[in-house]
Amino acid sequence: MEKPVVYDNGLNLEATELRLGLPGTNEPEKQSSTSVRSKKRASPEMAEETRSKSSSCISDADDDAPPPKAQVVGWPPVRSYRKNSFQQRKGEAEGAGMYVKVSMDGAPYLRKIDLKVYKSYPELLNALENMFKFRIGEYSEREGYNGSDYTPAYEDKDGDWMLVGDVPWEMFISSCKRLRIMKGSE
Amino acid sequence: MDSKRKKDSPESNELTRSSPFPDEVLERVLGLVKSHKDRSSVSLVCKDWYNAERWSRTHVFIGNCYSVSPEIVARRFPNIRSVTLKGKPRFSDFNLVPLNWGADIHAWLVVFASKYPLLEELRLKRMTVTDESLEFLATTFTNFKALSLLSCDGFSTDGLAAIATHCKNMTELDIQENGIDDLGGGWLSCFPENFTSLEVLNFANLSSDVSFDALEKLVSRCRSLKFLKVNKNITLEQLQRLLECAPQLTELGTGSFHQELTTRQYAELESAFNNCKNLNTLSGLWEATPLYLPVLYPACMNLTFLNLSDAALQSGELAKLLARCPNLQRLWVLDTVEDKGLEAVGLSCPLLEELRVFPADPYEQDVVHGVTEMGFVAVSYGCPRLHYVLYFCRQMTNAAVATIVKNCPDFTHFRLCVMNPGEPDYLTDEPMDEAFGAVVKNCTKLQRLAVSGLLTDLTFEYIGKYAKNLETLSVAFAGSSDWGMQCVLSGCSKLRKLEIRDCPFGNEALLSGLEKYESMRSLWMSACNVTMNACRRLAKQMPRLNVEVMKDEESDDSQADKVYVYRSVAGPRRDAPPFVLTL
């Protein structure tokens, strides 16, 4: 059977590419439809928001306020044992040393951040930039960070100092022991 | 040893006998019929066949424990050795059914104790099982061999200890995915030292430590052990020792796949997997990292089922692993593998028949990760034999589904969960009606369907019109009016289970199925627009249906928030808790 490669640019390689631009740039278009669209009576969890709207039980959800952030009971339909193991997985993947020390060359004292809070390099770097009031350059595999005096580095499990951004995020957070913002060319 | 029946003279009168065979021969022949559906058909042929069938049946399957009573079962089938029972409605898996709803096994055990003292096997799904019941089971049935508990609740590891202590002939102990009170791993040490009959042991979902010493000794002396699934606390080093004891395993669930191993330990582990020539199923693999996955490679050639749903693998790791698994028929993964990982599935596993993709982060709304329609499409190109899919994703298109079912027309189970309720086709912004229309039009063998996304009544028109083999339908946050549900009820002649939540289906829809429900196992409707009065009407007109309602606290008196309707020959439940209203 023929296998036409129909899904050319739909592979969306960009989504899996490691990039460190400012957050929010070049994100794939997101669907702004987190609200419950269909016309139905809301489940009890969302009943509070729609109760005032209708005497009949059907409310046109298009009129509704922005999406409820509260979760709907039992949705998505994932079995509880799977949820439990997922919670544990999250906890363990970020095992030892989620709070890591961050030093910045020239700063009088160190800071500590919780790596668990971030889900990607852009988020982390953004937080560091805000914490220490500086700007990091553009990351590229070939040249590291270009365009600023600052370079983020981390100490891994083996005690080596590594450039932040080379390895996949999950691997980074499981091996990062401390962070250091290096200044100037060393 | 079987109870012998007496010849009832009127029945065996030559004039009324319709079968040319003596009863014993007929029973012998029918004894070879295994499938319970076939047996059901056999029993309807004529009275002789009904009787021969009931005397020769050794295994009974009861899909809804409240559809019949243990006394009725025992009266009809005198020689049962193996029972499979299912209890709570499936949506109880997702916390839609309060605790203490029922489905308690104990009343059944009491009857079995007197009617089936030689009972050997008990397989329970979504039942409540107490430690007391387990102890009763272990001490009463001296021939007891196999216990399988799936998605059950109410017991603790103390109950397991009772089983291990008293059941001298256990061949199977399979404890899966239960709401169990894990008080410690001491239960495993309760198997006596001269106990050697175990063939199946699954304690993967228990969280506390068992004594490794006891486990190793148990595995060593049970030479017939075929399935072994350990829990997360078993380390790689311990796993290697277990594999050394049991290279004959055909199904293995590893423990944690993450440990600092020396080079020598790594080599030993790889060698242990190399010696497992018969392994066809692999699961567990918690916290698997790319570093240790290669030890599995020697065992991959013969794998037919790989369950990676506890290992958050990335696409690259998965690709490397799958490249070595050309004979894979069933694959379960987490969506951390993303579309790229699924492309690898399409490339490496041409024999794949079943794929399940679970969400690693089901409650995260802003995450850009996971799989999309592209991954599913990629698999469909590479795996034409695909017939069972469970797919959790955050975006889907009508066009993608149409392509998928064109590539794979043999779907028997199509369960698509677009995780955001009411999500439209993300490219066209249209409802996903055409997607499911394509599924039911193309996949004539479809038995089970779960729909999601933004759906109008059109989806249900399609289902009613085309899904003639559909037996199970799950609907959530979908549909526009009663008409949708009416289409399904009138069109799907083989429908047995219908479960609906958060849909605008109301009384007219509910009552349109009046005649239909007796041919179905059950109907569940929650957070729909059904009133108490309509339920009462249904109950009144159909006395052989049990109509049960559970009300939510905040709702008004007229609403029937959760409705569970099922056929029963046992009449209304006598053990219903106060929050279950039987109408």
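Below, chains carry the letters A, B, ... as their sequence lines are ordered, and counting in each starts from 1.
Of the two parts of B:N205, only the side chain, counted from C-beta on, holds a non-hydrogen atom closer than 4.5 Å to a non-hydrogen atom of chain A. Of the two parts of B:E373, neither the backbone nor the side chain holds a non-hydrogen atom closer than 4.5 Å to a non-hydrogen atom of chain A. Contacts of B:F358 with chain A are made by side-chain atoms alone, with heavy-atom separations under 4.5 Å and no backbone atom involved.
A pairwise comparison of heavy atoms in A:V72 and B:F477 identifies CG1-CZ, 3.7 Å as the closest pair. Nearest approach of A:V73 to B:N95, heavy atoms of both residues: CG1-O, 3.8 Å.
For A:W75 (side chain) and B:N420 (main-chain N/O), no donor-acceptor pair under 3.5 Å exists by modelled atom type. Put simply, the side chain of A:R79 never gets that close to the backbone of B:S151: no donor and acceptor are under 3.5 Å apart.
When side chains are defined from C-beta on, A:P77 counts as touching B:F392, because their heavy atoms get closer than 4.5 Å.
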